[in-house]
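In what follows, a structure is listed as C-alpha cells, so that the remarks can point back to it.
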Amino acid sequence: AEDGIRDYKVTGVQTCALPISSYDGTNWRLENVNSRAASTINIDGVSSLNQFSVGDEVDQHYWTGSGFSNDWFTAKNWYGGVPGSSTSVTIPNPLTPRRYYPVITSGQIAQVKDMVIESDAEVVLSDGTIEIYGNATSTGVFDATAGTVDFKGASPQTINSGFFYQNKVRDLVISNDVDRKSTRLN
C-alpha cells in the first residue's frame, strides 16, 4: 500500500468493515473521521471481494489551499485533486487563514473545463499557462499580465466582462470561437 492506505482482501467472511476513502481521480485517501459509523461501510453476506469501490467521481473541484502553498499542482490544495481539462473549478473566497490562492508558474500548464473565481479570490499566472476548455467567470482577480491563457473548447466559450485583471493579458490564444461579452482587452 502506498501513502498509508492498506489493501483489504476479504475471503470467506460473512461481514466486513471497509474504511471510507476519497478518490481524486488518481489516488485514494483515507479521510480523518472520528466516528466508526461515518468512516466504514458494513457489507453482509460477502464471500469474496474484488476491486470494490463506492462513491461518485468528483467533477467540481474547489481550491482549499490545504497544502499551505500557492502551487496549482499540489493535490492537497484542491478538494477533488488537481483539475484537468474536463474538470470545473471554483476559486472561493474566503480561504481559511494562512492559506494562499493559486499561482501558475513558469513552465506549468494548468487545465480546467469551466473556471469561476469568486469575489476577492485570485488566480495569478507568473509565466505559466492555463488552458480553458469551457467558460470563464471572475468577480475576483484573474491576473494574466505575466502569462498565457489558451481557450481550447470544442464549442463556443463565454468570457465574462472584467474577467482579466485590469482587462490585460500578456498572451491570449483562442483555439475556438469565443463569445466575447463586452470584454475590451488592452
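The first residue of the sequence shown is numbered 1, and numbering continues consecutively from there. Quick note: numbers below take in every heavy atom, side chains included, and nothing from hydrogens, waters or symmetry partners.
Looking at every heavy atom in both residues, Thr74 comes nearest to Ser69 through OG1-OG, 3.8 Å. Between Pro92 and Ala121, the closest heavy-atom pair is O-CB, 3.5 Å.
Side-chain contact check for Asp143 and Thr145: at least one donor-acceptor pair (N or O, by modelled atom type) lies under 3.5 Å. Side-chain atoms of Gln60 and Thr90 include a donor-acceptor pair closer than 3.5 Å.
When atom types are taken as modelled, the side chain of His61 and the backbone of Val89 share no donor-acceptor pair closer than 3.5 angstrom. Remark: the backbone N or O of Asn77 is paired with a side-chain donor or acceptor of Thr64 at under 3.5 angstrom. Between the side chain of Gln157 and the backbone N or O of Gly134, at least one donor-acceptor pair lies under 3.5 Å. For Asn135 (side chain) and Thr158 (main-chain N/O), a donor-acceptor pair under 3.5 Å exists by modelled atom type.
No side-chain heavy atom of Val112 sits less than 4.5 Å from a side-chain heavy atom of Ser85. The side-chain heavy atoms of Trp63 and Trp78, taken from C-beta on, include a pair separated by under 4.5 Å. Within the 4.5 Å cutoff, no side-chain heavy atoms of Asp71 are placed close to those of Val103. Side-chain contact check for Ile130 versus Leu125: some heavy-atom pair is nearer than 4.5 Å. Taking the side chain as every heavy atom from C-beta outward, Trp72 and Val123 approach each other to under 4.5 Å.
Within the structure, every pair that satisfies the ring pair (Phe, Tyr, Trp, His ring centres under 6.0 Å) test and touches residues 99-144, not counting sequence neighbours, is listed here: Phe142-Phe163, Phe142-Phe164. Within the structure, the salt bridge (Lys or Arg N to Asp or Glu O under 4.0 Å) test picks out no pair touching residues 115-126 (sequence neighbours left out).
Ile132 and Tyr165 are assigned to two separate hydrophobic clusters, defined by single-linkage of ILVMFWY side chains at heavy-atom distances under 4.5 Å. No path of Ile, Leu, Val, Met, Phe, Trp and Tyr side chains, each step under 4.5 Å between heavy atoms, connects Tyr62 with Val124, placing them in separate hydrophobic clusters.
One finds the OG atom of Ser126 at 10.5 Å from the CD1 atom of Ile104 (value rounded to the nearest 0.5 Å). Atom-to-atom distance recorded for Thr148:OG1 and Glu131:CD is 10.0 Å, nearest 0.5 angstrom. The OG atom of Ser138 sits 7.5 Å away from the CE atom of Met115 when rounded to the nearest 0.5 Å. A distance of 5.0 Å separates OG of Ser88 from NZ of Lys113, quoted to the nearest 0.5 Å. From Asp114, atom CG reaches atom OG1 of Thr137 across 8.0 Å, with rounding to the nearest 0.5 Å.
Using a cutoff of 4.0 Å between basic side-chain nitrogens and carboxylate oxygens, Arg170 and Asp127 are scored as salt-bridged.
Remark: Thr139 pairs with Ser119 by the side-chain contact (heavy atoms from CB on, under 4.5 Å) rule, at least two apart or across chains.
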